[in-house]
Enquirer: 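Let me begin by handing over the structure; questions about it come next.
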Amino acid sequence: MIRIDELYNNTFWPWIRKNLPGFREFFCEPFGRSDPNSVMNYGRDDAHEHNYIFFFDQEPIHLNIHLGTFEQVIKLNKDIHLDYYIARSTDRIIAKIPRSKNFKGPGYLVTSEQNSENVEIICKKFSWKPLYYFFHGWAALDWYRGYDRTFLITPPTEREITKTFIAPNRIVAGERQHRLEMLYYIFKNGMTHNHISCPDTCPAENISIHHAVKPLTTKYPDIESVFAAQTLPINFAGETDHPMHSCWLSLFDESAESLLYLVTETVATGRRHHLTEKTFKPIALGMPFVVVGTQGSLEYLRSYGFRTFGDIWDESYDSANDDVRIERIAELLKSLDVLSTETKQQLFDAAQEVIEHNWNHFYNGGFEAVLWTELNKMLNGIESTS
C-alpha cells in the first residue's frame, strides 16, 4: 500500500530517477495546499534536465484560483522551455545545445481528474501533456486502513436503522456551494431529523452561511428565508466547530443508525470525474450511499470495481444535468425519508450483498490492484524523448 504522505518522494521520485533521469518532479506541499508558494520540486545535478512532471493531483482544478500555480511551474522551468538547453561547467555556461527534433515540448500535468474540461483548458494553454491516476483512491486506502480490524464499526447485519441518512457538512461556501444547495432541500423538505451537520460560518471562506447563500437566490428565491428559519450551527453529538474528518473514519454510532450516507463531494458541476476520500467513507463504514458529485460519478466509481445501489433505489440522478441533479437527489431522499422505519430496515437488509462486495473490494486488495495497474500504466505513458 502506498503511504500517501510519502507519495512524491518514495513512490514517484525513485521511479522518475531510474526511468526518466532528465526529468524534474513538481508537486504541492503540504497536503491540501495548491497556491503558487506551495510548489516544491525534486531535481538532479548529475543528469541533463530536459523535461518535468507537475503532480497537481490533490485538489480539483479551479481556473479562477489555480492559474497562478501553473504559471509558477512554468516560471520555475523557464530554462527547459527554451529551444536549446544550457550545458554548464560548475557555474559557467560552456554551450547552448539545440534540442532534439523529437522533442515535443516540455511538461506533463498529472491530475486526479478524468475526462476533465478544465484539464484540457490548462494543458492547451501551457502546451502540457495530461496524465491521470486516482490519487484519492490511494489516500482513502491509506487513511482508512486498519478500521477493518477494530470494533468501532457495527457489523451491517446487526444494525437497527432509524434514520434515512447521515450528511456531514463543513466547508460549504466558495467552490462548495453545492453543499448549500443540498442543505436547502434538506431544510425545506423537513428532513433535519436525520443526522446532519451545518456550520454557521464556513471555516474555509470565513463567511456566514447567511451571506454564502446570497449568490444562490437567483436559482432559489426563498433560500435566504429557508436558512434563516434554521438554528445554526448544527453539530453532531460531542462535536463543536465542525472538525476536519478527512483522514479518518468517525461518527460510527450515527452511521450505524442511518440507511445511507449522503456524500457531498468536493466538486459537483462541470465535465469531469473527480471523487475523493469522501466517497469511500460509507464503503469503509459498511453503508449504502448517494453521491452529490459530477455527472457520471457512480458510473466512474463502478469502473474501479465497486457496485452501487440502483437495484435498491433510483440512481438516475447520476446521469442528470448539473442544473437538476441535486434536485433529483433531494427527491430521492424525500421519497426514502417518508418510508416507515421497518421499510428502511428492509432496504438496508436488501443492500447487504452490495455493501459486502464494496467492503471486500476496498479492504481485501481488489481496489488496490486496480489502482496499482493504473498508476504504472500512467507512468509508463510518459515519453522520455528530449
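For this chain, numbers begin at 1 and follow the sequence in order.
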Enquirer: Going by atom types alone, do His195 and Ser258 pair a side-chain donor with an acceptor below 3.5 Å?
Expert: no
Enquirer: Answer yes if Met1 and Val370 sit in the same cluster of Ile, Leu, Val, Met, Phe, Trp and Tyr residues linked by side chain heavy atoms under 4.5 Å apart, and no otherwise.
Expert: yes
Enquirer: Sub-3.5 Å donor-acceptor pair from the side chain of Asn194 to the main-chain atoms of Ile166, do we have one?
Expert: no
Enquirer: Would you check if the distance from the ring center of Phe306 to the ring center of Phe367 is below 6.0 Å?
Expert: yes
Enquirer: Check whether Met182 and Val267 end up in the same hydrophobic cluster, where Ile, Leu, Val, Met, Phe, Trp and Tyr are linked by side-chain heavy atoms less than 4.5 Å apart.
Expert: no
Enquirer: List the steps, then state whether side chain to side chain donor-acceptor pair (under 3.5 Å) holds for Asn77 with Glu49.
Expert: CA-CA 10 Å; Asn77 289 285; Glu49 294 180 319; over 6 Å; no
Enquirer: When you group the ILVMFWY residues by side-chain heavy-atom contacts below 4.5 Å and let the links chain together, are Ile207 and Val172 in the same group?
Expert: no
Enquirer: Grab the two heavy atoms, one from Tyr300 and one from Ser112, that are nearest each other, plus how far apart they are.
Expert: OH-O, 4.5 Å
Enquirer: Any chance you could measure Trp13, atom CH2, to Tyr42, atom OH, to the nearest 0.5 Å?
Expert: 9.0 Å
Enquirer: Hey, are Arg302 and Thr308 close enough side-chain-wise for a donor-acceptor pair under 3.5 Å?
Expert: yes
Enquirer: Under a 3.5 Å threshold, yes or no: a donor from one side chain and an acceptor from the other, between Thr279 and Glu265?
Expert: yes
Enquirer: Under a 3.5 Å distance rule, please check whether Thr69 uses its side chain to pair with a backbone N or O of Ser34 as donor and acceptor.
Expert: yes
Enquirer: Please report whether the ring centroid of Phe134 lies less than 6.0 Å from that of Tyr304.
Expert: yes
Enquirer: Has the side chain of Arg325 got a donor or acceptor atom that lies under 3.5 Å from a matching backbone atom of Gly293?
Expert: yes
Enquirer: Locate the shortest heavy-atom distance separating Phe23 from Ile382; write the atom from each residue and the value.
Expert: CE2-CG2, 3.8 Å
Enquirer: Measure from the side-chain N and O atoms of Arg24 to the backbone N and O of Asn41, and report whether any donor-acceptor pair falls under 3.5 Å.
Expert: no
Enquirer: Between Asn118 and Ser116, is any side-chain donor less than 3.5 angstrom from a side-chain acceptor?
Expert: no
Enquirer: For Arg307, look at atom CZ and say whether over 12 heavy atoms of other residues, nucleotides or ligands are found less than 6.0 Å away.
Expert: yes
Enquirer: Is it true that atom NZ of Lys219 has more than 12 heavy atoms of other residues, nucleotides or ligands lying nearer than 6.0 Å?
Expert: yes
Enquirer: Determine whether a donor-acceptor pair (N or O, by modelled atom type, separation under 3.5 Å) exists between the side chain of Asp322 and the backbone of Gly270.
Expert: yes
Enquirer: With a 3.5 Å distance limit and no angle check, can you tell me whether Arg145 reaches the backbone of Asp142 through a side-chain donor-acceptor pair?
Expert: yes
Enquirer: With ring-ring contact (aromatic ring centres under 6.0 Å, His included) as the test, would you mind laying out the steps for Tyr144 and Tyr363 before giving the verdict?
Expert: CA-CA 9 Å; Tyr144 306 151; Tyr363 275 118; 8.6 Å; no
Enquirer: Any luck finding a side-chain donor-acceptor pair between Asp57 and Tyr133 under 3.5 Å?
Expert: yes
Enquirer: When you check the side-chain N and O atoms of Asn64 and Glu175, is any donor under 3.5 Å from an acceptor?
Expert: yes
Enquirer: Count the heavy atoms of every other residue, nucleotide or ligand shown that sit under 6.0 Å from CD of Glu71, and state whether that count exceeds 12.
Expert: yes
Enquirer: Which pair of heavy atoms, one from Ile153 and one from Ala284, lies closest together, and at what distance?
Expert: CD1-O, 3.4 Å
Enquirer: Verify the neighbour count for atom CG of Asp311: are there more than 12 heavy atoms of other residues, nucleotides or ligands below 6.0 Å?
Expert: no
Enquirer: Assess whether atom NE2 of His211 is packed by more than 12 heavy atoms of other residues, nucleotides or ligands within 6.0 Å.
Expert: no
Enquirer: Please report the closest heavy-atom contact between Pro282 and Val263, naming both atoms and the distance.
Expert: CG-CG2, 3.9 Å
Enquirer: Could you tell me whether a side-chain N or O of Asp318 sits under 3.5 Å from a main-chain N or O of Gln295, the two making a donor and an acceptor?
Expert: no
Enquirer: Working to the nearest 0.5 Å, report the span between CG of Asp200 and CD of Gln230.
Expert: 13.0 Å
Enquirer: If you count heavy atoms of other groups shown closer than 6.0 angstrom to CG of Asp222, is the number above 12?
Expert: yes
Enquirer: Give a yes or no answer on whether the side chain of His136 reaches the backbone of Lys278 with a donor-acceptor pair at less than 3.5 Å.
Expert: no
Enquirer: Going through the checks in order, is the side chain to side chain contact (heavy atoms under 4.5 Å, CB included) test met by Ile2 and Leu141?
Expert: CA-CA 8 Å; Ile2 285 177; Leu141 285 175; over 6 Å; no
Enquirer: Where the side chain of Gln345 meets the backbone of Ile161, is there a donor-acceptor pair that is under 3.5 Å apart?
Expert: yes
Enquirer: Are Phe56 and Phe70 near enough that their ring centres are under 6.0 Å apart?
Expert: yes
Enquirer: Closest approach of Tyr185 and Met191, non-hydrogen atoms and distance?
Expert: O-CE, 4.0 Å
Enquirer: Tell me whether the count of non-hydrogen atoms from other residues, nucleotides or ligands lying under 6.0 Å of CG in Asp323 goes above 12.
Expert: yes
Enquirer: Go through the steps for Leu301 and Phe289 under the test side chain to side chain contact (heavy atoms under 4.5 Å, CB included), then give the verdict.
Expert: CA-CA 12 Å; Leu301 183 65; Phe289 49 83; 3.7 Å; yes
Enquirer: Check this for me: Glu120, atom CD, are more than 12 non-hydrogen atoms of other residues, nucleotides or ligands nearer than 6.0 Å?
Expert: yes
Enquirer: Given Val110 and Phe12, is the side chain to side chain contact (heavy atoms under 4.5 Å, CB included) satisfied, shown in steps?
Expert: CA-CA 12 Å; Val110 181; Phe12 288 134; 5.9 Å; no
Enquirer: For a side chain to side chain contact (heavy atoms under 4.5 Å, CB included) check, start with the C-alpha distance between Phe31 and Ser38, then their side-chain angles and the critical distance, and finish with the verdict.
Expert: CA-CA 9 Å; Phe31 184 86; Ser38 71; over 6 Å; no
Enquirer: Between Arg272 (side chain) and Ile61 (backbone), is there a donor-acceptor pair under 3.5 Å?
Expert: yes
Enquirer: Under a 3.5 Å cutoff, is there a donor and acceptor pairing between the side chains of Glu181 and Tyr220?
Expert: yes
Enquirer: Measuring centre to centre across the rings, with the benzene-like ring taken for any Trp, is Phe26 within less than 6.0 Å of Trp128?
Expert: no
Enquirer: Quick one: are the ring centres of Phe362 and Tyr147 less than 6.0 Å apart?
Expert: no
Enquirer: Could you tell me if Tyr132 and Asn115 have a donor-acceptor pair between their side chains, going purely by distance under 3.5 Å?
Expert: no
